[in-house]
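One structure below.
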There are 2 protein chains.
Amino acid sequence: MLISELSKQTGISIHTLRYYENYGLISGVTDDAVKSNNYKQYDEIDVEKVEWIVHAKKAGFTLSEIKKSMNDWFSNKLPTSKKLEIVQNKISEVDSKIHELKQVRKFLVASLKDVENGEC
Amino acid sequence: MLISELSKQTGISIHTLRYYENYGLISGVTDDAVKSNNYKQYDEIDVEKVEWIVHAKKAGFTLSEIKKSMNDWFSNKLPTSKKLEIVQNKISEVDSKIHELKQVRKFLVASLKDVENGEC
DNA sequence: ATATAGTATAGAGCATACTCTATACTTGTT
DNA sequence: AACAAGTATAGAGTATGCTCTATACTATAT
């Protein structure tokens, strides 16, 4: 698929997709058989990658962090043990983010009670 | 206390504190009795505010969002019902952030199983 | 053949959140 | 009195993550 289709399937603007491409997060392939242009082709893996970027960003990871783990993940050059380690580390990071949010939530709930008791 | 003490107590640099001051998140008070300088005085509420900024930022809120809710909170001009509403909305926002993180976690755990089963 | 729509590249511009520098004044110590 | 250290203000610079513009080429429909 071309970039406009990738944009449609992911809901991410073409501009932003090109930014991700330059950043090294995705990389379309130009078909050497077609010599008249250098349009880039994207596939289902690119769709998956973009969807993962969207999720990971919402979870508070930077593009730099996303790039690092995604390149590792899709490289097919890492042994199983190393892949397990990467994913486990990511889970730990997500867990501490969840923990931080729960702390904030706790503070908010306490504030709620203060307001209800007229102590604020 | 002066800005250096506020910095010490919160662990936030003086530069950043001044940035927050310009942004309208905190506001030291110059003592009119002292005419030789215009040093700003900060109090325990400012410490609380800065600590709250740190937590809220970790939870993914922008300075703009933090400013809005904090000004409402410390204004003492809002009725209890309005304050309750503000805090409840913030809790909802935190809950959806937690939900998003749990989705990401779920994906990571699924990836972990794929790796363990050699399907990746 | 031509209008239009799509694609690629390069680079400018923008918002957020700092971070640092320059300048000038004030305070405290010796 | 002199000097280091602290404070205030203004503004420049930086990193991240877009977002937009300009330019040029390509593809498709009429």
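The figures here come from the full heavy-atom set of this structure, side chains too, leaving out hydrogens, waters and symmetry mates. Quick note on labels: first sequence line is chain A, next is B, and so on, each numbered from 1. Everything quoted here is computed from the prediction, not taken from an experiment.
- Per the geometry, CD belonging to A/Gln41 stands 10 Å off P belonging to C/dT7, to the nearest Å.
- The residue among A/Leu2 and B/Asn37 whose nearest nucleotide of DNA chain C is located toward the 5' end is A/Leu2.
- In this entry the distance linking CG of B/Leu6 with C1' of D/dT7 reads 14 Å, nearest Å.
- In this structure, B/Glu116 does not pair ionically with B/Lys113, as no charged nitrogen and carboxylate oxygen lie closer than 4.0 Å.
- Residues A/Asn37 and A/Thr30 form no side-chain contact, since every pair of their non-hydrogen atoms from C-beta on lies 4.5 Å or further apart.
- Looking at the side chain of B/His15, the nearest of the listed nucleotides C/dT21, D/dT26, C/dT27 is C/dT21.
- Within residues 19-28 of chain B, the residues having any heavy atom under 4.0 Å from DNA chain C are, by residue number, B/Tyr19, B/Tyr20, B/Tyr23.
- Looking at which nucleotide of DNA chain D each of A/Thr16 and A/Asn38 is closest to, the 5′-most match is held by A/Thr16.
- Taking every side-chain heavy atom of A/Ser4 into account, C/dT7 is the closest of C/dT21, C/dT7, C/dT9.
- Protein atom OH of A/Tyr39 is 7 Å distant from nucleotide atom C1' of D/dC25, rounded to whole Å.
- With rounding to whole Å, A/Ile3 atom CD1 is found 18 Å from D/dT26 atom P.
- An OP1 or OP2 oxygen of D/dT9 is reached within less than 4.0 angstrom by no side-chain nitrogen or oxygen of B/Arg18.
- One atom, CD1 of B/Ile66, and another, C1' of C/dC18, lie 13 Å apart when rounded to the nearest Å.
- Of all heavy-atom pairs between B/Leu101 and A/Ala59, the closest is CD2-CB, 3.5 Å.
- A heavy-atom distance below 4.5 Å is not found between the side chains of A/Lys97 and B/Lys58.
- Heavy atoms only, all atoms of each residue included: A/Val87 and B/Ser111 are closest at CG1-CB, 4.5 Å.
- Within the 4.5 Å cutoff, the side chain of B/Lys83 has no heavy atoms near those of the B/Asp72 side chain.
- Atom CG in B/Leu17 sits about 15 Å away from atom P in D/dG6, given to the nearest Å.
- Look at B/Glu85 and B/Lys82 and you find a salt bridge, because one of the NZ, NE, NH1 or NH2 atoms lies within 4.0 Å of a carboxylate O, short of that distance.
- Between B/Asp31 atom CG and D/dA8 atom P the separation is 13 Å, expressed in whole Å.
- Counting heavy atoms from C-beta outward, B/Ile53 and B/Met70 have side chains that approach closer than 4.5 Å.
- Close to D/dT9, at under 4.0 Å from its OP1 or OP2, lies a side-chain N or O of B/Lys40.
- Considering only the side chain of A/Ser36, D/dA27 comes nearest among C/dT7, D/dA27, C/dC18.
- B/Lys35 places its NZ atom 20 Å from the C1' atom of D/dA8, with the value rounded to the nearest Å.
- Here A/Glu21 does not pair with A/Arg18 in a salt bridge; the nearest charged N to carboxylate O distance is not below 4.0 Å.
- At a cut-off of 3.5 Å, with distance as the only test, no side-chain donor of B/Gln9 or B/Tyr42 sits close to an acceptor on the other residue.
- Of the residues in residues 48-64 of chain B, none has a non-hydrogen atom less than 4.0 angstrom from any atom of DNA chain D.
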